[in-house]
Amino acid sequence: MQTKIVIRYMFKIGLRRTQSERLDQSPWVCSKLRSFAARIFIVIFVVIVCSPFQVALAKDGTWSSATNGIIHFGLENNSLEKNNLVPDPQQSGFKQSTKVQTSRVDFKAWKGLLEFNAQLRLALSSEKDSKAEVDQWYAEYSLTDELFLYLGRRNVVFGQSYGTNPLDVFFDPLALDRTLNEDRRRREVNGQDMLGFEALRSDTFSVIGYWAPSYSRLNQGRPDRALIAVTSLFLKWNADITLLAFEDSRPGVGLSFTKSVDDAILLYGDVSLRRGRDRFVISRDQGSAISPGDFLMQTSDHKQQYVETSLGFSYTFESGATINTEYYYNQNGYTDSEWGKISQIININAGNLAQGRYSGLPESNLLSLNSALRHSVVRRHYGFVRGYHPDPFDFGMSTEATVFHNLQDQSGVASLRLEYGVKSSVLLGVYISTNCGSGMDEFRLHSNKLSSALYVTVYL
Amino acid sequence: MNRVNTLSCAVLVVCYLNINGVVHAEPDILSRVDAIRAPGPNFSFEISLTSADNQRLKMSVRVKDQVKSLVRYLQPARIAGRTILFVERNMWIYVPGSRRALRISPRQQVLGGVISADIARMVYSLDYKVDRVELLEDESGESRRRLVLSQKSKDVAYSRIDLIVGGEEVRPLRAEFYAANGSRLLKTAFFEGYREVLGQKRPTVLRVVDHMAANVTTTLEYSNYSLDHTPASYFQPAFLKRLR
């Protein structure tokens with residue numbers, strides 16, 4: 001396995017990336033090509049958007065628009081517990097109690113064949129920096145009822161899985177705010193700046209493709225990306241299949257399938273196969289003991305393919321209650337051997353910290369490790385169960401319970417959400433999640449024990 | 001001789017069936033019922049749904065080729081923009097926040113004991129066949145018949161429906177929906193508010209009583225019918241995010 005040293009965690013502070021690794025992030029585009037690509041991007045913008053804009057304006061008809069939005073008030077609380085990796089949760093930046101207020105405006109305007117979309121969001125927090133975000137802004141031009149061209153920032157998602165979605169290939173699940181419900185969770189995140197098309201053939205076939213270059217302020221901090229997806233619906237078999245191919249720092253292919261077995265049972269699966277790995281591992285020969293002088297290395301390993309898959313089953317009862325169960329496998333995650341070494345390094349540093357050895361270094365090492373282990377999942381085998389009832393108590397309150405369970409160390413996170421609609425435009429919600437496990441188990445690794453949120457959302 | 005015997009037997013059987021209030025089904029009787037509920041293969045309308053706890057939903061519905069439906073939620077504001085696509089026995093939901101269309105099962109509910117399939121699917125003749133027809137007591141001076149329907153395939157929402165129709169024009173008056181074993185009554189739907197719509201008297205109110213939830217009643221009011229041809233590409237999961 002080819003590895004590149006990027007962190008010398010014991011005697012150097014912080015995460016540093018090598019020049020070669022930076023280049024690895026976009027191996028298919030050199031700087032000249034990138035500059036050329038940006039010019040092409042601008043030309044296409046003018047041709048695709050501005051020309052139809054003129055055509056649309058010249059046509060009879062008026063602009064139509066629709067605006068809606070939300071104002072959200074929330075009180076979030078985290079019960080934290082120190083452990084070997086996070087000896088001081090407060091110092092590591094974890095906050096116990098936070099007041100949040102989010103305002104979101106969704107705007108759409110259209111005339112003839114042209115449509116503009118935008119989603120603006122202002123997030124205020126008592127403990128974090130306030131943020132003003134443009135999650136989406138794009139123009140779309142309908143060449144026909146079946147062919148669309150678009151340019152701008154948007155979120156495009158594939159896949160059917162509820163727990164972890166292997167086909168949301170460019171999205172880091174850590175960016176999701178789990179206290180938000182399904183209606184908002186994947187919406188209130190930044191999209192990608194892209195140029196794309198969608199071709200829909202009749203009612204059974206579609207092709208979606210886009211290019212999201214990284215240049216200047218476009219997709220800042222992200223690699224160049226491109227994706228093409230082909231979906232075919234097999235109506236007689238109550239099934240559909242989507243095939244994906246994508247370019248990224250970890251390029252690959254994907255497959256999604258869903259099938260309704262009868263009016264209650266649904267089978268589905270999402271699989272991606274990606275080149276390379278994005279994990280830090282301990283480099284150490286077999287059999288030799290872990291020592292404080294070891295290195296934490298990032299694997300780039302562009303020769304090997306890694307599988308990520310989620311296989312699911314859902315059943316809807318006559319009462320309307322629905323259960324989803326999913327098995328999730330992530331080959332990119334740590335093996336038992338790799339995880340054992342990481343656990344040892346964490347424990348050695350925690351021991352040094354407790355004994356006051358190597359002044360200051362154990363803290364910074366643990367901070368670096370904590371940062372390097374920030375992934376939505378770190379191991380390989382998981383189970384997910386979701387239960388949802390639209391109104392179990394017959395007074396308009398929906399209930400959702402989920403469990404995400406690590407099948408290797410038996411740790412997990414369980415959550416419960418209750419939401420009650422007051423009149424037509426106010427939603428009251430309670431969300432509680434608890435992390436179960438012990439010691440170095442995955443879901444107790446980052447010190448979270450119990451999280452809760454109480455929120456009111458007003459829909460405008 | 002054989003032919004005479006067969007004919008005699010047939011006459012005897014018919015007499016026997018009539019004596020017991022059971023009559024033969026006209027071959028196109030379900031299509032005639034469907035034609036009263038739906039003004040054509042391609043049309044659109046709006047539904048206002050009121051649940052027992054007085055929650056209200058408003059939806060716009062587009063139907064194409066009888067078996068394709070697009071249901072878009074207009075109100076309340078907190079779920080506006082959700083869209084359900086129903087193509088034959090396939091069903092997807094687009095929740096704007098999820099940024100993707102998810103396949104769901106037809107049994108998944110909308111509100112107040114009304115499943116999505118009740119709203120999106122308006123054709124009995126494609127999903128069910130008439131097992132027998134029974135003449136009912138004439139209470140209001142109008143002839144009434146009970147059509148006992150059974151499922152054509154197992155992937156429909158109900159295994160048996162008893163449909164009560166009135167008059168020579170076979171107006172649907174009441175439908176009783178039964179569970180998988182065919183004996184447990186799940187819901188009763190009353191077709192009410194007959195009005196002149198697109199050249200024919202059609203029911204504009206559907207009252208659904210859910211017997212599994214303490215007889216909770218949900219009322220659906222149909223309005224703004226029009227004969228529309230929606231492009232075929234609209235009935236694709238990938239299109240749902242565009243629907244205005």
Side-chain angles (χ1 to χ4, degrees), chain A residues 66 68 106 108 110 115 140 145-146 148 155-160 180-188 198 200-204 206 208 231 233 235-236 238 240 258 260-266 268 314-320 322 390-391 394-396 421 423-427 457 459-460, chain B residues 51-53 55-57 64-65 67-68 75-82 87-92 95-100 102-113 115 117 153-158 179-180 184 186 212-214 216 231-239 241-242 244:
Chain A
N68 57 61
D106 300 280
K108 184 184 279 192
W110 64 93
E115 179 177 304
E140 183 172 88
D145 283 336
E146 299 183 337
F148 308 89
N155 270 297
V156 181
V157 185
F158 297 93
Q160 173 81 18
L180 301 180
N181 64 18
E182 196 186 332
D183 286 0
R184 295 177 54 199
R185 203 179 302 146
R186 186 63 181 79
R187 178 183 201 156
E188 295 181 12
E198 288 193 23
L200 313 178
R201 179 68 190 143
S202 183
D203 57 359
T204 55
S206 66
I208 296 173
T231 299
L233 311 180
L235 300 175
K236 293 292 172 205
N238 300 336
D240 55 77
T258 61
S260 303
V261 176
D262 56 23
D263 73 316
I265 296 174
L266 205 64
Y268 54 92
S314 90
Y315 183 82
T316 303
F317 296 87
E318 281 168 0
S319 65
T322 300
D391 191 7
D394 287 334
F395 67 94
K423 304 216 169 186
S424 66
S425 57
V426 179
L427 189 71
T457 309
Y459 290 79
L460 308 170
Chain B
S51 66
D53 54 356
Q55 289 195 68
R56 287 168 187 269
L57 288 179
K64 189 174 181 67
D65 302 337
V67 294
K68 300 173 189 170
Q75 288 174 352
R78 63 176 186 274
I79 55 171
R82 283 190 190 192
V87 182
E88 296 178 12
R89 305 308 311 171
N90 300 267
M91 197 165 177
W92 293 268
V95 178
S98 68
R99 300 289 187 211
R100 56 179 170 164
L102 291 169
R103 183 182 277 272
I104 58 173
S105 60
R107 212 185 251 182
Q108 287 191 244
Q109 282 191 359
V110 178
L111 185 70
I115 64 170
S153 70
K154 283 188 175 176
D155 55 2
V156 297
Y158 307 100
R184 190 159 50 112
L186 298 173
M212 301 298 291
V216 164
S233 59
Y234 282 41
F235 295 86
Q236 272 220 37
F239 190 88
K241 57 182 171 284
R242 289 190 176 82
R244 295 178 190 133

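Each chain gets a letter, A, B and so on, in the order the sequences are listed, and its residues count up from 1. Basis for what follows: all heavy atoms, side chains included, without hydrogens, waters or symmetry-related copies.
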When you check the gap from the basic side-chain N to the acidic O, do B/Lys241 and A/Glu140 get nearer than 4.0 Å? no
Sub-3.5 Å donor-acceptor pair from the side chain of A/Arg187 to the main-chain atoms of B/Pro96, do we have one? no
Give, as side chain, backbone, both or neither, the part of A/Ala66 having an atom under 4.5 angstrom from any heavy atom of chain B. neither
Indicate yes or no: at least one non-hydrogen side-chain atom of B/Pro237 is less than 4.5 angstrom from one of A/Leu233. yes
Any side-chain to backbone donor/acceptor pair from B/Asn90 onto A/Leu235? Under 3.5 Å, distance only. yes
Do B/Phe239 and A/Asp145 pass the side chain to side chain contact (heavy atoms under 4.5 Å, CB included) test, and can you show the C-alpha distance, the side-chain angles, and the key distance before you say yes or no? CA-CA 10 Å; B/Phe239 190 88; A/Asp145 283 336; over 6 Å; no
Got B/Leu102 and A/Tyr268 here, is their nearest side-chain heavy-atom distance under 4.5 Å? no
Check whether B/Arg107 reaches the backbone of A/Thr316 with its side chain - one donor and one acceptor, N or O, closer than 3.5 Å. yes
Under 4.0 Å between a side-chain nitrogen and a carboxylate oxygen: does that hold for B/Arg242 and A/Glu115? no
With a 4.5 angstrom heavy-atom cut-off, which part of A/Thr204 approaches chain B: side chain, backbone, both or neither? backbone
Measure the CG-OG distance between A/Asn181 and B/Ser98 for me, rounded to the nearest 0.5 Å. 11.0 Å
Counting heavy-atom pairs under 4.5 Å with chain B, the top scorer among A/Leu200, A/Val426, A/Leu427, A/Ile208 is A/Leu200
Heavy-atom proximity to chain B below 4.5 Å, by part of A/Asn68: neither
Within the 4.5 Å heavy-atom criterion, are A/Trp110 and B/Arg244 side-chain neighbours or not? yes
A/Tyr459: what forms a ring-ring contact (aromatic ring centres under 6.0 Å, His included) with it, not counting sequence neighbours? none
In Å, rounded to the nearest 0.5 Å, how long is the span from CG of A/Asp391 to CD of B/Gln55? 7.0 Å
Taking all atoms of both residues into account, what is the closest heavy-atom pair of A/Glu146 and B/Ser233, and its distance? CG-CB, 3.7 Å
For chain B, find which of A/Ala264, A/Ser314, A/Gly421, A/Ser424 contributes the most heavy-atom pairs closer than 4.5 angstrom. A/Ser424
Residue, of A/Glu188, A/Arg184, A/Glu182, that accumulates the most heavy atom pairs under 4.5 Å with chain B: A/Glu182
Examine whether an atom of A/Asp106 lies under 4.5 Å from a heavy atom of chain B, and if so say whether it belongs to the side chain, the backbone or both; otherwise answer neither. neither
Among residues at least two apart in sequence or on other chains, which ones pass side chain to side chain donor-acceptor pair (under 3.5 Å) with A/Ser260? B/Arg103
If the threshold is 4.0 Å, N to carboxylate O, is there a salt bridge linking A/Asp262 and B/Arg89? no
Please look at A/Glu198 and chain B and tell me whether the side chain, the backbone, both or neither of the residue comes under 4.5 angstrom of a heavy atom of that chain. side chain
Could you go through the side chain to side chain contact (heavy atoms under 4.5 Å, CB included) check for B/Trp92 and A/Asp240 one step at a time? CA-CA 11 Å; B/Trp92 293 268; A/Asp240 55 77; 3.3 Å; yes
B/Gln236 and A/Ser206: which non-hydrogen atoms are nearest, and at how many Å? OE1-CB, 3.5 Å
Honestly, the part of A/Thr231 sitting under 4.5 Å from a heavy atom of chain B is neither
